[in-house]
Protein chains: 2
Amino acid sequence: MGEIRNKDGLTEEEFLKQYKPSKYERPSVTVDMLILCMSRYLDNLKVLLIQRKNHPYINCWALAGGFVGIYESTYDAACRELQEETGLVTNTYLEQLYTMSNPDRDPRMRVIDVAYITLMREQPVLAGDDAKKALWFDISLHDDILELKNEEENINIKYCLHKKIFKNGVVDTTGYTQESITDEKLAFDHNEIILEGLLRLKNKILYSDIAFNLLPEEFTLPDVKRVYEVILGKELYKSNFNANIKSKLISTDCKITSMIKGGKKAAGYKYKGQ
Amino acid sequence: MGEIRNKDGLTEEEFLKQYKPSKYERPSVTVDMLILCMSRYLDNLKVLLIQRKNHPYINCWALAGGFVGIYESTYDAACRELQEETGLVTNTYLEQLYTMSNPDRDPRMRVIDVAYITLMREQPVLAGDDAKKALWFDISLHDDILELKNEEENINIKYCLHKKIFKNGVVDTTGYTQESITDEKLAFDHNEIILEGLLRLKNKILYSDIAFNLLPEEFTLPDVKRVYEVILGKELYKSNFNANIKSKLISTDCKITSMIKGGKKAAGYKYKGQ
DNA sequence: CAAATAGTGTCTCTTAGACAATATCTC
DNA sequence: GAGATATTGTCTAAGAGACACTATTTG
């Protein structure tokens with residue numbers, strides 16, 4: 001195999017030795033993490049945002065992220081950043097979401113951003129090493145309004161969504177353009193990443209068990225149901241939901257208090273884990 | 001907004017002027033296109049592969065692709081390469097598939113590759129400008145064997161798939177490792193892209209209309225059914241399938257000959273397009 | 001004890017799955 | 001005309017959707 005020569009008469013070894021990779025101008029590559037958890041009383045999803053302390057988008061809120069090292073995969077970079085930026089444990093669900101590549105998405109330079117989505121239980125976050133503020137924001141997505149809110153700090157970020165249908169081959173594909181309708185804004189195209197992530201989550205809980213990443217180890221049936229309801233954005237029927245979900249659960253034979261506000265004691269369950 | 005100053009006292013404009021983007025070593029970024037169509041008699045899917053004429057993976061078959069220009073999005077790059085490399089018309093279904101980022105996936109240098117999937121009708125392909133050979137390969141994916149075959153040139157590429165289950169948070173995720181079991185091989189990690197694309201397609205035809213991108217404008221019910229059967233890898237019931245699909249179709253009030261070998265004349269239909 | 005939530009049962013309607021029967025076309 | 005394929009119809013089983021009822025817990 002190494003014996004094959006190319007049109008210049010070079011073997012692979014010789015070729016690699018003389019290869020100059022600087023033929024093309026190269027973009028920077030970053031990863032960003034859409035870090036989601038459920039609120040304490042299971043009222044809504046939350047997203048972790050970090051306040052930027054420098055241009056561009058100074059003072060704006062952004063997803064946690066950073067540059068991809070030259071010797072690491074984007075997945076490894078995402079794990080590393082997750083730890084570094086927030087001090088969060090890494091044993092969480094982590095899935096590649098979408099690669100953002102609009103050439104003018106970053107005014108500093110050309111940056112291609114590989115977005116990941118992470119599902120975890122809520123936990124206190126350390127401020128990053130460079131004194132950036134990190135906060136959980138309540139998410140609501142109703143009536144074409146995407147709203148991110150932090151009550152304690154009284155921060156409110158709102159986007160208005162406009163449906164956009166474009167032809168992709170013979171099929172119509174629905175996309176969204178977004179318009180910020182508050183003073184506070186998200187940095188870069190992070191609003192698009194958040195929306196994309198919410199849609200992915202909504203779609204994927206219907207045929208997978210990823211929702212259990214958002215719950216503690218032990219939970220009640222109303223707790224799981226609430227998680228599905230928040231993500232799907234609609235009420236579900238108790239009886240039907242319970243019957244379906246039970247096949248994925250093991251009873252712990254304890255009665256525990258539901259996480260839901262006003263919830264009662266109910267049977268404890270664990271995720272069976274296939 | 002431009003008036004806000006960072007900790008060095010710079011406005012955004014001043015900051016951008018002095019910003020040096022060369023702090024981090026940057027990977028090259030490429031796009032690759034998984035170009036799929038149906039075979040003439042609707043027997044199987046086909047993938048377009050290009051034979052490499054230089055190291056690395058000299059003489060191996062690879063997906064069409066190329067470098068992302070510094071002023072274009074990866075989507076635009078994919079469209080451009082589609083045209084340049086193969087002369088194929090660009091009005092085809094084009095969807096981002098996955099970003100491949102293993103640091104040693106290219107022995108020349110660090111390359112991050114954004115893979116796209118394209119669905120089209122079969123058409124003759126021009127050899128690329130740099131005299132590379134471009135051929136359609138019949139795909140078969142059965143019993144954990146991925147096989148790519150070109151009858152005319154007698155080329156056979158086979159991979160054996162091994163199921164690999166890994167924990168992602170609390171859920172088990174199924175992946176595959178692949179092992180080439182023929183002399184001919186695919187370049188880089190393109191085998192992984194092909195498998196990922198086939199799985200995406202299999203999943204997505206169940207809830208979308210993308211399959212119609214693989215058919216000519218007018219077709220018969222048995223034709224559509226066959227496309228679904230090939231992609232799903234199983235036989236479907238005529239009666240049930242027809243009843244379901246008809247809501248997406250308009251009759252052309254003509255009888256046309258089915259594309260299927262041994263097929264009869266049957267009612268012609270067009271995709272209604274939502 | 002009152003009000004709300006947890007848990008169970010049942011009914012309907014739709015859909016998926018499976019065959020059977022007839023009509024039509026190709027060779 | 002024989003053998004295949006196209007087209008339509010029917011039956012069953014499983015699942016989604018909807019609601020009612022009882023049991024339990026909280027305040």
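Throughout, a chain's letter reflects where its sequence line sits, starting with A, and its residues are numbered from 1.
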**Q** Look at all strands and tell whether A:Lys225 reaches a base, only sugar-phosphate, or nothing, counting heavy atoms closer than 4.0 Å.
**A**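 The residue A:Lys225 makes no contact with any strand.
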**Q** Just the rounded figure in Å: distance from C1' of D:dG17 to CD of A:Glu235.
**A**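 Taking atom C1' of D:dG17 as the reference, CD of A:Glu235 is at 14 Å.
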**Q** Identify the heavy atoms of B:Thr74 and B:Gln96 that sit nearest to each other, and give their distance.
**A**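 The pair with the smallest heavy-atom distance is OG1-OE1, 4.5 Å.
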**Q** What is the distance, to the nearest angstrom, from the CD1 atom on A:Ile256 to the P atom on C:dT5?
**A**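 Computing the A:Ile256:CD1 to C:dT5:P distance gives 18 Å.
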**Q** State which of C:dA6, D:dA6, C:dT8 makes the closest approach to the side chain of B:Pro222.
**A**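 My answer, after comparing the listed nucleotides, is D:dA6.
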**Q** How many whole angstroms separate atom NZ of A:Lys255 from atom C1' of D:dT26?
**A**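 Rounded to whole Å, this separation is 12 Å.
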**Q** When you match A:Thr257 and B:Leu221 each to their closest nucleotide on DNA chain D, which lands nearer the 5' end?
**A**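 In this pair, the answer is B:Leu221.
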**Q** Below the 4.0 Å mark, does D:dG17 have OP1 or OP2 next to a side-chain nitrogen or oxygen of A:Tyr237?
**A**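 For A:Tyr237, the contact criterion (side-chain N or O under 4.0 Å from OP1 or OP2 of D:dG17) is not met.
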**Q** Scan A:Ala243 against the nucleic acid and name what it touches under 4.0 Å (heavy atoms): base, sugar-phosphate only, or nothing.
**A**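 The residue A:Ala243 makes no contact with any strand.
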**Q** Checking only heavy atoms, does the side chain of B:Asn240 share a donor-acceptor pair with the base of C:dA18 at less than 3.5 Å?
**A**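 When only heavy-atom distances are counted, B:Asn240 does reach the base of C:dA18 through a donor-acceptor pair under 3.5 Å.
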**Q** With distance as the sole criterion, do the side chain of B:Lys238 and the base of D:dT7 form a donor-acceptor contact below 3.5 Å?
**A**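 Side chain to base: pair present.
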**Q** Determine: side-chain N/O of A:Lys246 to OP1/OP2 of C:dG7, distance under 4.0 Å, yes or no.
**A**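 For C:dG7, neither OP1 nor OP2 has a side-chain N or O of A:Lys246 closer than 4.0 Å.
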**Q** If you check every side-chain atom of A:Lys265, which of D:dT7, C:dC25, D:dT25 has the closest atom?
**A**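 Within the option list, the nearest is D:dT25.
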**Q** Give, for atom CG of A:Asp172 and atom NZ of A:Lys167, the distance between the pair rounded to the nearest 0.5 Å.
**A**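 A:Asp172 atom CG to A:Lys167 atom NZ measures 3.5 Å (nearest 0.5 Å).
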**Q** Given atom CD1 of B:Ile260 and atom P of D:dA4, what is their separation to the nearest angstrom?
**A**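 Atom-to-atom, B:Ile260 to D:dA4, this comes out as 16 Å.
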**Q** Could you state the CD1-C1' distance from B:Ile245 to D:dA6, rounded to the nearest angstrom?
**A**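 It is 17 Å, rounded to the nearest whole Å.
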**Q** Look at the aromatic rings of A:Phe212 and A:Tyr271 and report parallel, tilted or perpendicular, splitting at 30° and 60°.
**A**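 Because their plane-to-plane angle is under 30°, the rings of A:Phe212 and A:Tyr271 count as parallel.
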**Q** Measure CG/A:Leu232 against P/D:dA16 and give the value in whole Å, please.
**A**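 Computing the A:Leu232:CG to D:dA16:P distance gives 13 Å.
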**Q** Reckon B:Lys261 touches a base, only the sugar-phosphate, or nothing at all at heavy-atom distances under 4.0 Å?
**A**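 Since no nucleic acid heavy atom lies under 4.0 Å of B:Lys261, the category is nothing.
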**Q** Looking only at N and O atoms, is any donor in the side chain of A:Lys264 or the base of D:dT24 less than 3.5 Å from an acceptor on the other one?
**A**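 Result: at least one qualifying N/O pair found.
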**Q** From CG of B:Asn242 over to P of D:dA6, roughly how many Å is that when rounded to an integer?
**A**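 Interatomic distance, CG of B:Asn242 to P of D:dA6: 10 Å.
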**Q** When the ring planes of A:Tyr116 and A:Tyr75 are compared, do they come out parallel, tilted or perpendicular, using 30° and 60° as the limits?
**A**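 The rings of A:Tyr116 and A:Tyr75 stand perpendicular, inter-plane angle above 60°.
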**Q** At less than 3.5 Å, do the side-chain atoms of A:Ser239 and the base atoms of C:dG9 form a donor-acceptor pair?
**A**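 Side chain to base: pair found, below 3.5 Å.
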**Q** How close or far is atom P of C:dT8 from atom CZ of A:Phe241, stated in whole angstroms?
**A**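 Taking atom P of C:dT8 as the reference, CZ of A:Phe241 is at 15 Å.
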**Q** Please step through side chain to side chain donor-acceptor pair (under 3.5 Å) for the pair B:Tyr93 and B:Glu95, ending with a clear verdict.
**A** CA-CA 7 Å; B:Tyr93 184 82; B:Glu95 179 191 338; 2.5 Å; yes
